[in-house]
S.K.: 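The structure is given below, and queries will be raised subsequently.
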Amino acid sequence: MENLAKLSQDLYFNKDLKFNEVSGNDAMRKLIFEALDVPVGTKGRALKTAWDMRKAKVFEIIDVAIDAIVPVIVKNQFDNLAEVRNVALGDVQRFTVKNRDLFKVGTVAAGTKDLRRQRLVNEVYTVETDKVGLKTYVEFDEFLSGTIDWTHYVNTVAESLAVYTGEKIYDAFATSYDGVRATLKANGTFDLETLTKLARHVRAASGGQNVAVYGTVSALGKIADGLSLSDNMKDKLNETGYLATVRGMDFYAFPDAYKAGTEEFIVDEKALLVIPNGEKIVDVVLEGETYTEEKDNESNTAMQKDFLTMKQLGVQVKQASVYGFYKLA
């Protein structure tokens, strides 16, 4: 299964991969037929019989492949923001947040040691996970002919789970706005001075760390409005749609992605997040293995094979983390 996990990751990032002198897709297809204990290319009744007897082995391959891909996609897209942990089913992951409060310093009267003791207390918390899932299907004729592109199927399921995770990451930020203290949030028409002040508060609250600003390309593009741009800055703006650095703040664009089944972007185009540079302030917990099973087809009159894929997932903004939130009008 270790080779399968590596093959799945390699196939996701390189569709033209060769594995043991055959294409990666053919290698994956061969694994499926081996799991069914029939020769590659078996079709019709023989394939259906093998499937009915040994489909659990195929689902194991699918699940291992998905589990190999999902964390990689999430880390690639949100590595600057999120700490991703894979844990065994039932394991409780404890996260620790270091106390950023400075100790109060007072004047000591001559001949005394009369100062109140102060304890450095770190906060420990856990992240709850929920079961999430998606239903899929393949055409029965495609199934019987043995022509299903299993690699494409696995990649699409994995991408769907990763996009959903990205949606939960952003939702965790968006729903936390009301709880952010007043000095770390702003709203209204974009103003560079307001953003700069917000960044200063985040910098001070995080112990002097430089800050990074995250948003959509559209939101980040507003920062260049009204600035006197050098030729190099104009080139950068034309190339990426936003400037990489302004007033000591680094800018990063969220990846564009739709919510599943819609043409609605995951990330609000009217929001900027201001975060201590290099600090991962979201916890993502992937608990246990992915599980895929075949659903009862009795009610399916369209002659399709229905599958249900499930995963335990938890997403939470780190407790006591420091970040700023700018809602744009």
Side-chain angles (χ1 to χ4, degrees), residues 1-74 76 86 88-89 131-164 260 286-312:
M1 287 300 176
E2 185 176 335
N3 288 339
L4 169 60
K6 186 178 186 308
L7 171 63
S8 303
Q9 292 175 354
D10 292 344
L11 267 175
Y12 180 80
F13 292 103
N14 181 8
K15 305 298 187 289
D16 299 322
L17 174 74
K18 291 287 185 180
F19 187 80
N20 291 339
E21 304 304 317
V22 300
S23 73
N25 283 332
D26 284 343
M28 180 66 78
R29 187 164 176 262
K30 183 173 182 290
L31 285 174
I32 297 293
F33 279 98
E34 286 178 353
L36 294 174
D37 197 25
V38 293
V40 175
T42 299
K43 301 179 181 180
R45 180 180 298 168
L47 181 58
K48 181 181 181 303
T49 299
W51 173 268
D52 290 339
M53 293 175 62
R54 303 181 184 90
K55 59 188 174 185
K57 291 290 186 181
V58 177
F59 290 141
E60 184 181 12
I61 291 173
I62 292 173
D63 294 342
V64 169
I66 291 171
D67 279 337
I69 299 171
V70 173
V72 176
I73 302 175
V74 175
N76 281 356
N86 285 292
L89 187 65
K131 191 181 298 295
V132 301
L134 63 156
K135 291 182 179 180
T136 57
Y137 72 89
V138 295
E139 296 295 342
F140 193 64
D141 288 343
E142 186 182 17
F143 168 78
L144 286 182
S145 66
T147 57
I148 295 173
D149 186 340
W150 289 106
T151 298
H152 176 69
Y153 176 83
V154 166
N155 288 348
T156 303
V157 172
E159 286 176 359
S160 300
L161 288 168
V163 167
Y164 178 81
L286 301 169
E287 182 182 356
E289 293 91 0
T290 296
Y291 290 101
T292 301
E293 61 183 39
E294 185 177 5
K295 299 304 293 178
D296 184 1
N297 282 353
E298 288 184 6
S299 60
N300 189 341
T301 59
M303 295 297 289
Q304 296 160 344
K305 286 285 184 184
D306 293 337
F307 304 138
L308 172 64
T309 300
M310 295 169 289
K311 183 74 180 176
Q312 288 283 127

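All figures in this text were calculated on a predicted structure; none of them were measured in a lab.
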S.K.: Heavy atoms, side chains only, cut-off 4.5 Å: are K135 and Y137 in contact?
M.R.: no
S.K.: Test of understanding: with side-chain contact (heavy atoms from CB on, under 4.5 Å), list the residues that count as partners of Y164, not counting sequence neighbours.
M.R.: V132, K168, L313
S.K.: Restricting to pairs with a member in residues 37-49, which pass side-chain hydrogen bond (donor to acceptor under 3.5 Å, both in side chains), not counting sequence neighbours?
M.R.: K48-D52
S.K.: With rounding to the nearest 0.5 angstrom, report the OH to CG distance, Y291 to L89.
M.R.: 6.0 Å
S.K.: Hey, what do you get for OH (Y153) to CD1 (I148), rounding to the nearest 0.5 Å?
M.R.: 9.0 Å
S.K.: Is the shortest heavy-atom distance from the side chain of L7 to the side chain of L31 under 4.5 Å?
M.R.: yes
S.K.: Which residues pass the side-chain contact (heavy atoms from CB on, under 4.5 Å) test with N3, not counting sequence neighbours?
M.R.: none
S.K.: Find out whether Y12 and V72 are in side-chain contact, i.e. whether some heavy atom of one side chain is under 4.5 Å from a heavy atom of the other.
M.R.: no
S.K.: Which pairs of donor and acceptor atoms, one on a side chain in residues 55-70, lie under 3.5 Å apart (sequence neighbours left out)?
M.R.:
unit_1 : atom_1 : unit_2 : atom_2 : d
K55    : NZ     : E294   : OE1    : 2.8
D63    : OD1    : T292   : N      : 3.1
D63    : OD1    : T292   : OG1    : 2.6
D63    : OD2    : T292   : N      : 3.1
D67    : OD1    : T290   : N      : 3.4
D67    : OD1    : T290   : OG1    : 2.5
D67    : OD1    : K311   : NZ     : 2.8
D67    : OD2    : T290   : N      : 2.9

S.K.: Going from OG1 on T136 to CG on D306, what distance comes out if it is rounded to the nearest 0.5 angstrom?
M.R.: 8.0 Å
S.K.: Can you confirm whether M28 sits close enough to L4 that some side-chain heavy atom of one is under 4.5 Å from a side-chain heavy atom of the other?
M.R.: yes
S.K.: Tell me, please, which residues at least two apart from K6 pass salt bridge (Lys or Arg N to Asp or Glu O under 4.0 Å).
M.R.: D10
S.K.: With sequence neighbours excluded, what pairs up with D26 under the salt bridge (Lys or Arg N to Asp or Glu O under 4.0 Å) test?
M.R.: none
S.K.: Atom OG1 of T147 and atom CD of E142: how far apart are they, to the nearest 0.5 Å?
M.R.: 4.5 Å
S.K.: What's the shortest heavy-atom distance between T151 and L11, and which atoms?
M.R.: OG1-CD1, 3.6 Å
S.K.: Could you state the interatomic distance from CZ (R54) to CD (E34), rounded to the nearest 0.5 Å?
M.R.: 13.0 Å
